[in-house]
Amino acid sequence: MAAAGPLLLNLRSAPRGRGPAAASRSTTLKRKLQSPHGNPPLKRKCKPSVSAFQKCPVEADIREKGSSSQKSLPKKQLTDNQNKSQKSKPSIKTSSLFKNNPEIPEVHRKAVQQVQENVFTKDSFSQLDLHPHLISTINTVLKISSMTSVQKQTIPVLLQGKDALVRSQTGSGKTLAYGIPLVQSLQGMESKIKRSDGPYALILVPTRELALQSFDIMQKLLKPFAWIVPGVLMGGEKRKSEKARLRKGINILISTPGRLVDHIKSTECIHFRRTQWLIIDEADRILDLGFEKDVAVILNALNAGRDTRQNVLLSATLTEGVTRLADISLNDPISISIADEIQKAFQPASQIERQASSSSNCMEQENFAVPEKLKQYVMMVPSKLRLVTLAAFILEKCKFEKHHKMIIFFSSCEQVEFYHELLLKVLSGGLELEQSERSSVSSAHLQFLRLHGNMEQEERTEVFQEFLKSKTGILLCTDVAARGLDLPQVTWIVQYNAPASPAEYIHRIGRTARIGCHGNSLLVLAPSEAEYVSLLASHKINVSEMKMEKVLLSLMKDDRFKLHRPRSKKSCGTDPQEVRERATVLQTKFENYVHSSEGTVRWAKKALQSFLCAYTTYPRNLKHIFHIKSLHLGHVAKSFGLRDAPQNLTALPTAGSKKKTKPGRKRSDLLKKTHGKHRLAEILRSEYSSGMDTGVSKVKKKKKQRKPGNQQIPA
Ligand SMILES: Nc1ncnc2c1ncn2[C@@H]1O[C@H](COP(=O)(O)OP(=O)(O)OP(=O)(O)O)[C@@H](O)[C@H]1O
């Protein structure tokens, strides 16, 4: 059994006779949603105690002197006149959203030449040596005729039985690039495959929804070859039924690493004697530290079963690190990188060599291809104004412009749950509207959905299917939905919390503008995070600035937020004072809802705490951009509908950043173990704060009538 030390993931088959490795129990994050000690609704005058953060292991030197209005902003953020006004005026009782905000810096945008790929080719699938039934399935069931670039380059390589490293932009058809040659090869085997033979192919994916999606595509491709049986294993499903399906036999096994390891360790009948394909989709994520132990167990089980295998690694962000690792482990892999092919075509060889040598020793300069018709925006928003600005943006796109389908990314499950409820209640008119307001509410219904890893699997699947089929709607989610999901007609991606790395940025925005479609993305940054724009530019990612003031203007279209004053003058569309008033009315509605009960205050505090803890797990190389000391607790609290900086947040961070460790092993040991804190921090942020691979109490499923057709897809 393999030792648990730093692992060289050997995708190459090992010599016969070694039993499957037993890795130490993979340290998955057990996430217990800690409910902060309930506090009575905060009174305006209270000053949160400094001790609230003294105990928190995170670097929490957060400013929390007094209520948000009376706090001194970090000196560097105060402009002279604000300094003066602070001194001259008595402290104001209720904070104004538009006072005491940090300056919004100019967004220095180095115009960079983005890496582009030609997604389409004119070559049809019939040019390949494929079974005619497979070609007709591609044409009639999948309704696809010509190959994309990645398919044109990858399919012939895989049909020759070679290992491959495939890097192509998001939404460029990588699933079929491996699915078609896989089906072609299995249907053409001399002795016809029997279900009881077990897995001939193993497809590893990082999330349950992506496992379902890949399973759905394989089922379609296998229509003419019904004797080949696909199956999916994923956390959250009943182990018993999975064991039964494994016992009957699954020929193409699609699984998330954690659940497969469970079965390797506990299901007698699982074997890999005939497994001749290993496909790792989103390979940079799967081979990352978060899944390292699971992948090692899986590879040892594969190697124990068979000594020859074809390995395929795919991702839009196959970074140098992964390719170096894969080079050691794959058998003479063919490296396919569509963007590089395009660049090579336009650059002299010498320049390519120079770039190759320079980029090989500085992974940070990975340049990722961005979909051609994707428009990327960034908006600088002071913390106090984040919530009302997000709300105004949602109203603008999903109520007034209509026909938009939006995904909003948050950095923790608790925030997804909280903002889903808050936005639904306040924006969808869930709150009692006065008669006069009812008439003015636009007829467009705002459909809010939520998806994160702490939900019951049944509800995750329902929400995923519902959003997949909807033409509009707003999905609030964590990074559990950041990779691979092919959600048609998504027109807007909003990153309410910045991602831990440019790679995750690329995958998040890659949920729109797929396969040549148009799409838009918006990254929301606080003024202290402005440097993130330059970081993106260093990876050849261009973003244009969207002004917060312009977004807030949409409130002028919704009289629910109009300040009702006697003889109020007719509002004209762009009066800045009225915009500010309406934003304040909207913020007040949020705060009134949050402070309407102890439970909602507790909920807001828990969401705030999860945000702060996720904020402390940005990798070291981003700490100069995302540092907890730059946050102003009272202002951040406003964006959670809390009137003042909370006191007595629980001393420990929420489970989001708590790693299950063996008794006696301090977290610092773990950090050392995992080759540097920043990597673990990044994993903690992007995967575990999404609630993936969790084993703890799930958010109770909201009672709702089950719709037919949402049933889980059987193998
Ligand atoms: N040759 C093709 N012509 C037209 N559409 C295609 C073709 N191949 C795949 N598609 C469609 O393109 C969309 C994206 O495909 P897929 O999800 O495989 O992309 P991907 O490269 O895996 O994306 P990601 O990197 O986000 O995982 C899907 O809707 C798929 O049906």
Side-chain angles (χ1 to χ4, degrees), residues 115 117-128 130 134-135 137-155 158 164-183 203-207 209-221 254 279-286 312-319 322 336-339 368-374 405 407 409 464 468-469 479-490 493 503-519 521:
V115 177
E117 291 179 6
N118 300 329
V119 172
F120 295 104
T121 74
K122 292 189 172 49
D123 303 76
S124 94
F125 288 94
S126 44
Q127 287 170 251
L128 298 171
L130 298 175
L134 180 54
I135 292 178
T137 300
I138 293 167
N139 297 155
T140 55
V141 176
L142 298 178
K143 300 183 178 27
I144 288 169
S145 52
S146 53
M147 290 185 272
T148 62
S149 305
V150 67
Q151 289 160 2
K152 180 180 176 184
Q153 295 198 33
T154 304
I155 295 175
L158 298 189
L165 270 164
V166 182
R167 172 169 147 165
S168 174
Q169 72 180 45
T170 52
S172 55
K174 291 189 287 298
T175 311
L176 291 180
Y178 72 73
I180 289 171
L182 169 60
V183 169
I203 301 171
L204 286 181
V205 293
T207 65
E209 284 72 20
L210 189 49
L212 280 174
Q213 176 180 293
S214 309
F215 172 67
D216 181 49
I217 293 165
M218 293 316 295
Q219 276 193 308
K220 287 180 178 145
L221 283 176
I254 300 157
I279 294 161
I280 305 184
D281 198 359
E282 309 300 343
D284 56 324
R285 177 50 79 222
I286 295 276
V312 190
L313 274 59
L314 311 100
S315 176
T317 55
L318 268 189
T319 52
V322 170
I336 296 165
S337 173
I338 306 305
F368 302 119
V370 172
E372 185 192 358
K373 293 177 186 163
L374 172 64
K405 187 169 172 180
I407 299 179
F409 284 101
F464 175 56
L468 188 69
K469 293 170 191 142
D479 277 339
V480 77
R483 282 180 174 252
L485 300 190
D486 188 53
L487 299 158
Q489 294 146 336
V490 169
I493 296 295
E504 288 323 299
Y505 175 92
I506 287 290
H507 283 282
R508 286 179 170 187
I509 62 173
R511 293 321 98 208
T512 187
R514 296 174 71 76
I515 203 74
C517 296
H518 288 270
S521 69

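Throughout, residue positions are numbered sequentially from 1 according to the sequence presented. Order of appearance sets the numbers: ligands from 1, and atoms from 1 within every ligand. Just so we're clear, the structure is a prediction, and the values are computed from it rather than from any experiment.
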Quick one: does any side-chain atom of T121 pair with a main-chain N or O of T148 as donor and acceptor, under 3.5 Å? no
Candidates S145, G173, S146; heavy atom nearest atom 1 (N) of ligand 1 found on S146
Under 4.0 Å from one or more heavy atoms of L176, ligand 1 contributes atoms 8 (N), 9 (C)
Ligand 1 to T148, heavy atom cutoff 4.0 Å, flagged ligand atoms 1 (N), 2 (C), 7 (C)
**Asked** Looking only at heavy atoms of G516, does any of them come nearer than 4.0 Å to an atom of ligand 1?
**Response** no
**Prompt:** Is it true that E282 lies under 4.0 Å from ligand 1, counting heavy atoms only?
**Reply:** yes
Checking heavy atoms under 4.0 Å, the part of I144 that sits near ligand 1 is side chain
Heavy-atom nearest pair, F125 first then L130, reads O-CD1, 3.9 Å
Here the pair of heavy atoms bringing A164 nearest to L158 is CB-CD2, 3.7 Å
Per-atom filter on ligand 1: closer than 4.0 angstrom to a heavy atom of Q169 are 21 (O)
Note: H507, heavy atoms under 4.0 Å from ligand 1, region reported as neither
Closest non-hydrogen contact found for Q169 with K174 is O-NZ, 3.0 Å
If you scan protein heavy atoms around atom 5 (N) of ligand 1, the nearest is I515 CG1, 3.4 Å
Does some non-hydrogen atom of R511 fall short of 4.0 Å from ligand 1? yes
- Is the closest heavy atom of S172 to ligand 1 under 4.0 Å? yes
The closest protein heavy-atom partner of atom 25 (O) of ligand 1 is K174 NZ, 2.7 Å
Of all heavy-atom pairs linking D284 and L318, the shortest is N-CD2, 4.3 Å
Atom 8 (N) of ligand 1: closest protein heavy atom, distance to 0.1 Å, is Q151 NE2, 2.8 Å
Rounding to 0.5 Å, atoms CD1 (I336) and CZ (R167) come to a distance of 13.5 Å
Of all protein heavy atoms, the one nearest atom 23 (O) of ligand 1 is G171 N, 2.8 Å
Q) Within a reach of under 6.0 Å around NZ of K405, are more than 12 heavy atoms found that belong to other residues, nucleotides or ligands? A) yes
Closest to atom 18 (O) of ligand 1 by heavy-atom distance, out of T175, I506, L314, is T175
min-distance protein heavy atom vs atom 17 (O) of ligand 1 -> R514 NH2, 2.9 Å
Among L485, T170, D486, V119, the residue with a heavy atom nearest to atom 29 (O) of ligand 1 is D486
Please check this pair: side chain of Q213 against backbone of G484, looking for a donor-acceptor N/O pair closer than 3.5 Å. yes
Original post:
What about G510: any of its N or O atoms under 3.5 Å from an N or O on ligand 1?
Top reply: no
Distance-only check: which donor-acceptor pairs under 3.5 Å involve side-chain atoms of residues 510-517, not counting sequence neighbours?
unit_1	atom_1	unit_2	atom_2	d
R511	NE	A482	O	2.9
R511	NE	H507	O	2.9
R511	NH1	L485	O	2.9
R511	NH2	H507	O	3.1
T512	OG1	V490	O	2.6
R514	NE	D486	OD1	2.6
R514	NH1	G510	O	2.7
R514	NH2	D486	OD1	3.4

Scanning both residues in full, the closest heavy-atom pair of P181 with I155 reads CD-CG1, 3.9 Å
When every non-hydrogen atom of S521 is compared with those of L374, the smallest separation belongs to N-CD1, 4.1 Å
